[in-house]
Amino acid sequence: QYLDERVASQTLMFPETIELSILQAQLTMKHQEAIERLGFRISEFGGNTFVISAVPALAGISNPRELFLDLLEQFGSDSTGGGGGKLDNILANMACKAAVKAGTSLSKQEIDKLLNEMARANLFSYCPHGRPVIKRFSSDEVKKWFYRT
């Protein structure tokens with residue numbers, strides 16, 4: 001979505017007012033275009049106070065304040081991490097925050113939707129941090145679990 005310049009945004013029912021440090025406010029102003037390209041809608045409210053009125057739709061039920069502050073931290077960071085660019089790190093971090101976490105209960109419909117989306121994606125076998133999200137087991141491995149070898 002980012003490469004197509006059409007990251008879907010989700011308008012917040014209750015916009016989030018956030019008080020930033022001077023550095024964070026400067027980063028927000030400096031990177032406003034990139035922030036909006038990432039699916040955020042943020043506007044000045046006065047001084048170092050800003051209003052977050054939309055977040056990337058992929059963020060799901062993530063905390064808008066936390067998501068935005070993490071984004072600013074990435075923009076303010078000098079490092080780019082494991083060889084990828086800063087933008088790659090930002091996108092991976094956002095995807096991680098939005099991911100279904102272990103122990104989260106999903107309905108059958110949510111599971112089906114998630115698996116269908118994974119099947120349509122080009123790169124779905126690893127999480128943004130490089131960990132596998134799918135594991136194949138041989139029939140011999142399954143038989144060992146049930147002492148059938």
Side-chain angles (χ1 to χ4, degrees), residues 1-138 141-142:
Q1 288 181 1
Y2 183 84
L3 293 175
D4 292 339
E5 296 187 24
R6 57 172 187 83
V7 174
S9 288
Q10 174 66 47
T11 301
L12 298 175
M13 183 178 275
F14 301 105
E16 181 93 25
T17 302
I18 184 169
E19 182 75 26
L20 301 175
S21 70
I22 293 171
L23 176 61
Q24 290 170 324
Q26 289 171 344
L27 285 170
T28 300
M29 298 306 291
K30 179 180 178 183
H31 298 286
Q32 178 116 20
E33 186 177 316
I35 290 168
E36 289 176 2
R37 251 186 101 190
L38 288 165
F40 286 90
R41 194 173 325 123
I42 186 156
S43 55
E44 284 185 84
F45 193 67
N48 293 337
T49 304
F50 290 78
V51 176
I52 304 169
S53 56
V55 294
L58 71 88
I61 60 170
S62 298
N63 180 323
R65 175 185 302 267
E66 181 182 318
L67 194 63
F68 185 71
L69 290 175
D70 286 347
L71 174 71
L72 287 182
E73 187 176 318
Q74 291 286 327
F75 276 125
S77 170
D78 289 334
S79 69
T80 56
K86 186 174 288 197
L87 180 60
D88 288 339
N89 288 340
I90 289 169
L91 293 169
N93 191 24
M94 286 173 52
C96 184
K97 294 276 185 200
V100 176
K101 305 295 189 252
T104 302
S105 294
L106 298 175
S107 69
K108 182 182 179 334
Q109 292 81 12
E110 289 171 319
I111 294 169
D112 289 343
K113 181 181 178 198
L114 181 60
L115 291 173
N116 285 331
E117 287 175 7
M118 288 176 63
R120 284 194 306 271
N122 291 333
L123 301 170
F124 67 85
S125 56
Y126 295 93
C127 80
H129 300 102
R131 293 185 288 263
V133 297
I134 292 177
K135 172 76 172 136
R136 293 183 191 263
F137 299 101
S138 70
E141 289 175 285
V142 175

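Residue indices begin at 1 and follow the sequence shown. Please read all numbers here as calculations on a predicted model, not as lab measurements.
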Measuring from atom [atom1] of [X] to atom [atom2] of [Y], what distance do you get when rounded to the nearest 0.5 angstrom?
X	Y	atom1	atom2	answer
Glu73	Glu66	CD	CD	10.5 Å
Asn48	Met29	CG	CE	10.5 Å
Ile52	Leu67	CD1	CG	8.0 Å
Gln74	Leu38	CD	CG	11.0 Å
Glu36	His31	CD	NE2	13.5 Å

Applying side chain to side chain donor-acceptor pair (under 3.5 Å), name anything that partners [X], two or more places apart in sequence or on another chain.
X	value
Glu110	Ser107
Asp112	Lys108
Ser43	none
Glu44	none

(request) Tell me, please, which residues at least two apart from Glu141 pass side-chain contact (heavy atoms from CB on, under 4.5 Å). (result) Phe137, Ser138
(request) Using the test salt bridge (Lys or Arg N to Asp or Glu O under 4.0 Å), find all partners of Lys113 that sit at least two apart in sequence or belong to another chain. (result) Glu117
Which atom of [X] lies closest to which atom of [Y], heavy atoms considered:
X	Y	value
Phe50	Ala25	CE1-CB, 3.8 Å
Leu27	Gly76	CD1-CA, 3.7 Å
Gln32	Ile42	NE2-O, 3.0 Å
Ser9	Phe40	OG-N, 4.4 Å

Side chains of residues 12-23: which donor-acceptor partners sit under 3.5 Å, not counting sequence neighbours?
residue	atom	partner	partner atom	Å
Glu16	OE2	Arg65	NE	3.1
Glu16	OE2	Arg65	NH2	3.0
Glu19	OE1	Thr49	OG1	2.3
Ser21	OG	Gln24	N	3.1
Ser21	OG	Gln24	OE1	3.3

(message) Between Phe68 and Ile35, does the side chain to side chain contact (heavy atoms under 4.5 Å, CB included) criterion hold? Intermediate values first, please.
(response) CA-CA 9 Å; Phe68 185 71; Ile35 290 168; 3.9 Å; yes
